[in-house]
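Scroll down for the structure; my scribbles are underneath it.
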Amino acid sequence: MIEKESKNDKIGIYDCIFYNGISGTYEMFRLLKRYCFNGTVVFFDERSFDADIIDELMFITPKNFEVFPGLEIKVDSLSRLKRKISDYRDLVDIIAVNGGDDKVNRMVSRERYIDILRNTDQGRGIDHITAKFAAENGVMIDFCINNLINNKRSLPALLGKMRKNLMLIKKYGGKTILSSGGTDKFGVKPYRQMIALSKFIGMDRYDGFESFKNIYSRVGKNKKYRDGRLVSEGIEIIS
Amino acid sequence: MKILPSSLRTKRWYIAFELICDEKIDEKDLINSIWSAGLLLVGAYKMSLCNIHVINYNGKKGIISCAREEVDTLRAVLAIINKIDNKKVAINVLGVGGSIKKVNKKYIKD
């Protein structure tokens with residue numbers, strides 16, 4: 001059932017943006033709050049990642065708005081991927097991998113410690129095997145509106161790839177994420193406009209809202225794992 | 001030519017929007033960019049169904065009318081506009097209403 005969309009109702013929708021300096025990120029927080037988002041994941045790349053910056057971001061977070069630190073990593077081999085996961089797992093709430101290449105997409109979809117696979121539409125898209133592995137291992141596939149808006153190649157081709165990816169993910173029961181992927185205040189979009197755009201890639205209204213909520217459920221799960229409350233899938237220490 | 005009776009006219013909705021930009025944008029440039037973005041995203045056929053008109057625009061906020069069934073299409077079209085006249089912009093839909101008066105009162109003059 002779709003929740004009401006009025007400003008008073010808390011529908012729990014979360015976006016993903018990229019860190020762009022303290023002032024730039026703060027501007028994006030303010031806009032996202034105005035657009036009725038409940039929070040956001042701020043992705044850092046490996047160069048800009050710093051635990052002090054995360055503390056500073058928490059300090060500038062507006063009231064009634066949640067911010068979760070995330071990390072986007074770029075890898076080309078499995079050993080590097082494993083090493084980076086072990087390095088950063090406890091430091092951030094969400095780990096995403098910049099995909100695009102078929103080999104990387106397949107490798108990441110087999111890794112259960114990865115939360116999000118991004119930019120799957122940049123290369124040739126994902127195949128049915130990758131979609132199946134991603135669904136089995138709980139790797140969520142990101143559909144980034146920023147890729148759609150700032151694409152340098154053909155828009156119809158990109159939309160076609162996204163539609164094919166979504167069809168495969170739906171078929172194998174995987175989870176999706178809808179994110180603005182904004183790097184500045186112009187890249188952040190209201191959720192209704194994002195849902196309207198997602199209709200072009202085959203998402204309906206319900207799927208769109210679910211995609212906004214998936215990120216929060218994953219953050220909660222990761223926090224429970226980190227605190228030791230969640231032993232494994234389905235086994236949780238209550239008290 | 002006589003105007004159509006109200007029962008035969010296409011139903012229109014009015015979309016209040018806000019332009020997020022550091023510089024001022026002309027109305028002509030805005031209309032051109034909406035049309036070019038619409039033609040790129042949905043094509044000539046769908047844009048003809050949208051029946052878009054910019055009712056008023058004060059440099060920061062404005063109202064666009066469109067066919068009732070195509071409000072979501074227009075939302076998507078406005079979402080993909082990221083540059084007008086080589087200036088970075090973002091268009092935020094403030095709200096949708098059934099009459100210009102209501103939309104003006106609720107979203108423009110607040």
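The sequence lines fix the lettering, A, B, ..., with proteins before strands; numbering per chain opens at 1.
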Value for CD1 (A:Ile145) from CD1 (B:Ile80), rounded to nearest 0.5 Å, stands at 11.0 Å
Got more than 12 heavy atoms from elsewhere within 6.0 Å of NZ, A:Lys132?
no
Quick check on A:Tyr216: does its OH atom have over 12 non-hydrogen neighbours (other residues, nucleotides or ligands) under 6.0 Å away? no
Q) Should we count NE2 of B:His53 as having more than 12 external heavy atoms under 6.0 Å? A) yes
- Any side-chain heavy atom of B:Asn92 within less than 4.5 Å of one from A:Arg34? yes
So, the part of B:Val89 with a heavy atom under 4.5 Å from chain A: the answer is backbone
When the 4.5 angstrom heavy-atom criterion is applied to A:Leu31 and chain B, the contacting part is side chain
Review point. Under 3.5 Å, is there a donor-acceptor pair between the side chain of A:Lys189 and the main chain of B:Ala79?
Key: yes
Cut-off 4.5 Å, heavy atoms of chain A, and the answer for B:Leu19 is neither
Given 3.5 Å as the limit, does a donor-acceptor pair link the side chain of A:Gln193 with the main chain of B:Val77, or not? no
| field | Crowding at NZ, B:Lys87 (>12 non-hydrogen neighbours, <6.0 Å) | value | yes
Got more than 12 heavy atoms from elsewhere within 6.0 Å of OH, A:Tyr88?
yes
So CG of A:Asn150 and CG of B:Asn82: to nearest 0.5 Å the spacing works out to 5.0 Å
Sorted by chain and number, sequence neighbours left out, salt bridge (charged side-chain N to carboxylate O under 4.0 Å, His left out) with B:Lys46 holds for B:Glu70
Okay, A:Leu148 and chain B: the region with an atom under 4.5 Å from a heavy atom over there is neither
For B:Lys11, look at atom NZ and say whether over 12 heavy atoms of other residues, nucleotides or ligands are found less than 6.0 Å away.
yes
Would you call A:Phe186 and B:Asp22 a side-chain contact if the rule is heavy atoms closer than 4.5 Å? yes
Max heavy-atom pairs within cutoff under 4.5 Å with chain A, candidates B:Thr73, B:Leu40, B:Leu41, goes to B:Leu41
Check: Taking it one step at a time, do A:Asp184 and B:Lys88 satisfy salt bridge (Lys or Arg N to Asp or Glu O under 4.0 Å)?
Finding: CA-CA 10 Å; A:Asp184 54 10; B:Lys88 268 192 139 186; 2.6 Å; yes
The interface call for B:Leu74 against chain A, heavy-atom contacts under 4.5 Å, is neither
If you draw a 6.0 Å radius around CZ in B:Arg12, do more than 12 non-hydrogen atoms from other residues or ligands fall strictly inside?
yes
d(B:Asp72 CG, A:Lys199 NZ) to nearest 0.5 Å is 3.5 Å
